[in-house]
Amino acid sequence: MENKYDFKVIETKWQHYWEEHGFYKVSEDPGRPKYYDLEMFPYPSGNLHMGHVRNYAIGDVVARFKAMNGFNVLHPMGWDAFGLPAENAAIKNGIHPSIWTDTNMENMKSQLKTMGISYDWDREIATCKPDYYKFTQWMFLKLYEHGLAYKKKSAVNWCPSCQTVLANEQVVDGGCERCEAVVEKKQLEQWFFKITDYAQRLLDDLEMLPGWPEKVKIMQRNWIGRSEGCQFDMKIKGSDQVVPVFTTRADTVFGVTYMVMAPEHPLVADISQNTPQAQEVKEFVERIKNLSEIARTSTEVEKEGVFTGAYAINPMNGEEVPIWIANYVLMDYGTGAIMAVPAHDQRDFDFARKYNLPIRVVIQGNDTPLDGADLTEAYVGDGKMVNSGTFDGNSVESGIAAVIAYMEEHGIGQGSINYRLRDWLISRQRYWGAPIPIVYCNDCGMVPVPEEDLPVLLPEDVEFKPSGESPLNYVRSFFETNCPNCGKEARRETDTMDTFVCSSWYFDRFCSPHESEQPFDKAATDYWMPVDQYIGGVEHAILHLMYARFFTKFLYDIKWLSCQEPFTNLLTQGMVLKDGSKMSKSKGNVVSPEDIINTYGADTARLFILFASPPERDLEWSDAGVEGAYRFLNRVWRLVVDYAHLINSQDGEGAELDEAARQLRFKTHATIKKVTDDIEGRFNFNTAISAIMELSNMLGAYRDNPQPNPAVVKEALESLLLMLSPFSPHIAEELWQLTGHEGSITLMAWPQYDPSALVQDEIEMVIQINGKVRDRIMVPSDSNEEEVRQQCMQTERIAAQLQGKTVQKMIVVPGKLVNIVAR
RNA sequence: GCGGAUGUGGCGGAAUUGGCAGACGCACCAGACUUAGGAUCUGGCGGGUAACACCGUGGGGGUUCGAGUCCCUUCAUCCGCACCA
């Protein structure tokens, strides 16, 4: 046959056809159910990698499948286009970040187009464009207006060699990702978003997300880290000062033998003043301050501390206990100070043993020694309170409640909840980001830029410092401005926003990407939001997904959005591996999507990547596997070509089906059922594809039939192409046309199975003896249990096996098997 | 240390509700076609055996007529968090 599968011609042809006919452009249509299908938009690094291909192939199957099932599908794509690599490229190669980014976006867009994904490109957005970041700035202003954006001095990661602040994610193993210098801590004025105000809702509303992987929800729960306890004040002996402490173990308050404050605690200098320990304390604080984040907080580091010379008073029993400062107490959790109960907290125990501090047992477990001196480790289990005055005899649980109640009654302290979650530091001392819309005026102080003055444009003409320091600090025309309030000379904020801010609301923007006066049109988000299916890498399980949820809740609160959660269903796809590890330049195991698409075509690339593994799991790249996918598409091609004469004739309509034809029809409908269930119910594209392969195999074998039934073949082939089309759309289009259909397969309805075709006259039943398969029989599918029992005893093999045995029991699983229990 | 996941042929994987372990694909072996084959088609393919028997889902134990699937225990690998009071 001269008609060969020429993917290059076919793929180009249909990509142009789809584009010319605007197939994937969508608008709101109240008459149809909507479906918002979204893949995490990429950073425009310049080239697609296999992880992208996998992500977008998965998303495209969902989009095409839903469209064929009658949904009005929104499937947009854009660019998370601000960020450090562009700036590094500028420093290294002298290319302006905007040019570098534009070039990359263009390149990746054309690569995406060769994949044949059903994007509505009219909705393309890039977060680095003023028409977008204008509204990122608007988001900032709204948060500011509602008291959720604030500035405070904070310890940040500082790279002494690059002379700049680094984001947490830019610190790799305690060093700068760019120059590997050891990162230091530095106190700087920084902008924060008050995500902690939403901690409880972010936690509670995880319950509203049954469509999210449990794993991601657990990670978020742990990250939020809610813990219930109480907070109370410890008075400083001989002073009016008090130090609040937080504990989850109020029941152990009578076991307090010392107190610990974080070295950074603001009262440390005060209380140690005029004590013999003052100098030692000062030195210790200095030393700890200069440690890197890793050296400071790692569990590997041995606990150490110094006595401050001061004493605190336990409000429950009036006892005086020494106040220490130690490296194991952190300033930014709880109150930065703890009551130490070495008998019942392992960390306190370790510390107490090291510095010979007393250990007093106040919870008596079954075998807990009463004397702290006999303990070998802290006792953290349940038990009865002892040495605790009137509270003795309480269990841990009732003791906690009783002590808190007592504290509240006597004005000592109160029940309190702490979160591990911290406010979101959004300042970046970088050029390539959305400028923070704030002006500093000597008279008016901090003044937000009025909405009508947005966007605060990034100046184009800047000079990049080799040190990495933000060029914005040197652009007078940028930072010299007038106060929006009083008109006097003022200075503009030169920090830009973390790129996670840009990606916290882009899914809203996709609903109405061309709005110029507002971030999005409420009618559009009311129609499209929330995203029905969100797909991306699990590496965003916490940061991006938490920030996006926070923004959505905030926009809901200020009545801009009608949904409280942005993503109804979440699919976290696994990584693409080669030789057992993640593809990376340093390992030299990178497979380029461009090469694969050039050699085998997009249909093959997509098919392989979806077939090789279920989406959530890691996928091992295999060149041989790609060959296999390519061969399969070639087989389908030949199959259709071979049958072309048959299906173009109209013979055989309504004719009686022989056994072979009935089997083929059964397989067709069974496959439709299976593929539909696999895609819709559980996103198992690998098994869906294997089912399509089975149908194809059966159709291939049926070619040998001397009297084929054209109607049954036609139905089988059409179903095959329809089911293949979400996975490998180009070849499906071409073969659809080749089999005499007008128009595009993309617009066709998903095939429906006919339950009556799945009814069989006879079914096979397995016969087991003592749980082992010994024979199989065909029985009429309407046989009752008694008939099956009779029949299975009569087969030769079963009769032989049962020689000399007594049948004790028979278990019949209708339609499946019979198990004969014989001894 | 805590939390989570995974473990099935030579390989990727399937078995969806406790009911035929190994679908589908790759690799491999044999055959057909052919000047040729790294194309295509047909057949085979967990171990074991002449054929049965028998053994087999990381290891050990248990529940059950029946376990890859449920329970207990243990090992290995990967991921996340990591002094969170």
Side-chain angles (χ1 to χ4, degrees), chain A residues 213-219 221-223 225-227 229 245-249 252 260 262 294 296-303 326-330 332-341 345-348 350-351 418-422 538-539 541-542 574-575 577 580-581 607-608 611-614 616-629 631-632 634-635 638 674 677-678 681-682 684 686-694 696-697 700-701 703-704 764-776 808-822:
Chain A
E214 207 50 43
K215 172 175 131 170
V216 173
K217 288 192 277 187
I218 288 169
M219 282 166 80
R221 274 189 204 107
N222 292 342
W223 190 262
R226 178 192 154 102
S227 81
V245 296
F246 172 78
T247 181
T248 55
R249 291 295 303 276
T252 64
V260 188
I294 302 276
R296 170 79 175 81
T297 60
S298 163
T299 40
E300 313 289 302
V301 173
E302 198 181 339
K303 291 173 183 50
N327 59 346
Y328 78 98
V329 172
L330 308 172
D332 53 8
Y333 182 78
T335 61
I338 61 158
M339 64 174 213
V341 185
D345 181 287
Q346 190 59 41
R347 296 156 298 180
D348 296 342
D350 295 342
F351 191 79
N418 248 294
Y419 299 92
R420 209 192 72 119
L421 181 73
R422 293 167 206 174
V538 73
E539 65 273 19
I542 297 174
M575 286 188 299
L577 311 176
S581 55
L607 191 72
F608 166 72
F611 177 62
S613 184
E616 302 88 341
R617 277 216 254 168
D618 286 351
L619 180 155
E620 175 67 29
W621 184 266
S622 154
D623 293 332
V626 179
E627 288 274 358
R631 280 206 292 263
F632 169 69
N634 273 285
R635 276 201 296 278
R638 284 193 300 274
K674 168 141 183 77
D677 289 350
D678 280 354
R682 44 179 216 158
N684 274 19
N686 55 333
T687 51
I689 292 167
S690 81
I692 294 171
M693 286 172 169
E694 286 185 52
S696 156
N697 289 346
R703 273 183 298 205
D704 295 338
E764 189 187 65
M765 284 191 81
V766 164
I767 308 170
Q768 297 182 331
I769 295 174
N770 297 332
K772 290 186 172 157
V773 181
R774 297 302 181 191
D775 207 354
R776 294 144 203 277
Q808 294 177 329
K809 206 170 172 186
M810 274 176 88
I811 289 121
V812 180
V813 183
K816 277 190 177 150
L817 59 72
V818 180
N819 189 14
I820 302 165
V821 185

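Labels below follow one simple rule: chain letters A, B, ... track the order of the sequence lines, proteins then strands, and each chain is numbered from 1.
Nucleotides B:G12 and B:G60 have their C1' atoms positioned 29 Å apart, rounded to a whole Å. Distance check on atom C1': B:U49 versus B:U73 gives 36 Å, rounded to whole Å. Across the C1' atoms, B:G43 and B:C52 are found 23 Å apart, a figure rounded to whole Å. Spacing between B:G68 and B:G18 at atom C1', rounded to whole Å, works out to 11 Å. B:G13 and B:U64: their C1' atoms are spaced 29 Å apart (whole Å). With both ends at atom C1', the span from B:G46 to B:A21 equals 10 Å, rounded to whole Å. Taking atom P on both nucleotides, B:A23 is separated from B:C11 by 15 Å, rounded to a whole Å. Atom name P, nucleotides B:C75 and B:A82: the rounded distance is 26 Å, in whole Å.
One can place CZ of A:Arg226 at 12 Å from P of B:A85, the figure rounded to the nearest angstrom. The CZ-C1' distance, from A:Phe608 to B:C24, rounds to 13 Å in whole Å. Between the C1' atom of B:C24 and the CG atom of A:Asn684 lies a distance of 13 Å, rounded to the nearest Å. One atom, CG of A:Asn770, and another, C1' of B:U64, lie 13 Å apart when rounded to the nearest Å. Atom-to-atom, CG of A:Asp677 to P of B:U17 comes out at 12 Å; the value is rounded to the nearest Å. Between A:Glu620 atom CD and B:U77 atom P there is a gap of 19 Å when expressed in whole angstrom units. For A:Leu577 and B:G12, the CG to P distance is 11 Å, given to the nearest whole Å. We find that OH of A:Tyr333 is positioned 18 Å from P of B:C81, with the value rounded to whole Å.
OP1 or OP2 of B:A15 sits under 4.0 Å from a side-chain N or O of A:Arg682. Side-chain nitrogen and oxygen atoms of A:Arg617 include none within less than 4.0 Å of the OP1 or OP2 phosphate oxygen of B:G12. The phosphate of B:C55 (OP1 or OP2) has a side-chain N or O of A:Lys772 nearer than 4.0 angstrom.
Closest to the A:Asp345 side chain, of the nucleotides B:C81, B:A85, B:A14, is B:A85. Counting only heavy atoms from C-beta on, A:Ser613 has its side chain closest to B:G13 among B:A85, B:G13, B:U16. The nucleotide whose nearest atom lies closest to any side-chain atom of A:Ser227 is, among B:A85, B:C83, B:U40, B:A85. Closest to the side chain of A:Asn686, from the set B:G12, B:A14, B:A85, is B:A14. Comparing B:C65, B:A85, B:A23 by their closest approach to the side chain of A:Ile338 singles out B:A85.
Between A:Met219 and A:Lys809, the residue anchored closer to the 5' end of RNA chain B is A:Lys809, taking for each the nucleotide with the nearest heavy atom. Nearer the 5' end of RNA chain B, as judged by each residue's closest nucleotide, is the contact made by A:Gly700, out of A:Tyr419 and A:Gly700.
Residues that satisfy the side chain to side chain donor-acceptor pair (under 3.5 Å) test with A:Gln346, not counting sequence neighbours, are A:Asp350. Under the rule for a side chain to side chain contact (heavy atoms under 4.5 Å, CB included), the partners of A:Arg776 that lie at least two apart in sequence or sit in another chain are A:Glu764, A:Val766, A:Val773. For A:Asp618, there are no side chain to side chain donor-acceptor pair (under 3.5 Å) partners at least two apart in sequence or on another chain. Applying the side chain to side chain donor-acceptor pair (under 3.5 Å) test to A:Trp223 and every residue at least two apart in sequence or in another chain returns nothing.
The aromatic rings of A:Tyr328 and A:Phe351 sit tilted relative to each other, their planes meeting at an angle between 30° and 60°.
Shown here is A:Lys217, whose NZ atom has more than 12 heavy atoms of other residues, nucleotides or ligands within 6.0 Å.
Once rounded to the nearest 0.5 Å, the distance linking CG of A:Asp348 with CD1 of A:Ile338 reads 4.5 Å. Atom-to-atom distance recorded for A:Ile767:CD1 and A:Leu817:CG is 10.0 Å, nearest 0.5 angstrom. We find the CG-CD1 distance between A:Asn222 and A:Ile542 to be 8.0 Å, quoted to the nearest 0.5 Å. Rounding to the nearest 0.5 Å gives a distance of 8.5 Å between CD of A:Glu539 and CE of A:Met575.
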Quiz item: Could you write nucleotides 25-34 of chain B as a row of B, S and -, 5' to 3', where a protein heavy atom under 4.0 Å of any base atom gives B, of only sugar-phosphate atoms gives S, and otherwise -?
Solution: SSS-------
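For B:G43, the O4'-C1' to base torsion is more than 90° from 0; the nucleotide is therefore anti.
With hydrogens and angles ignored, the 3.5 Å screen pairs no side-chain donor or acceptor of A:Asn684 with any backbone N or O of A:Thr687.
B:U49 is unpaired under the criterion used here, namely a Watson-Crick or G-U wobble arrangement in which both key atom distances are under 3.5 Å. In this entry B:C41 has B:G31 as its Watson-Crick or G-U wobble partner, both defining distances falling under 3.5 Å. Base pairing of B:G18: no nucleotide in any strand meets the Watson-Crick or G-U wobble criterion (both distances under 3.5 Å). Nucleotide B:A23 has no partner under the Watson-Crick or G-U criteria, as no pair reaches both atom distances under 3.5 Å. Searching all strands for a Watson-Crick or G-U wobble partner of B:A5 with both distances below 3.5 Å returns B:U77.
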Check: protein-nucleotides 19-21 of chain B nitrogen or oxygen pairs below 3.5 Å:
{"from": "B:C20", "atom 1": "O2", "to": "A:Arg776", "atom 2": "NH1", "distance (Å)": "2.3"}
{"from": "B:C20", "atom 1": "O2", "to": "A:Arg776", "atom 2": "NH2", "distance (Å)": "2.9"}
{"from": "B:C20", "atom 1": "N3", "to": "A:Arg776", "atom 2": "NH1", "distance (Å)": "3.4"}

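Using a 4.0 Å heavy-atom criterion, one finds that A:Asp678 contacts the bases of the nucleic acid, with or without backbone contacts as well. Residue A:Val329 is in base contact, counting any heavy-atom pair closer than 4.0 Å across all strands shown. A:Lys674 comes within 4.0 angstrom of a base, heavy atoms only. At the heavy-atom level, A:Arg774 lies under 4.0 Å from the strands shown only through sugar-phosphate atoms.
In summary, A:Asp332 and A:Arg422 engage in a salt bridge, as defined by a charged side-chain N under 4.0 Å from a carboxylate O. A salt bridge links A:Glu214 with A:Arg221: the closest approach of a Lys/Arg side-chain nitrogen to an acidic carboxylate oxygen falls below 4.0 angstrom.
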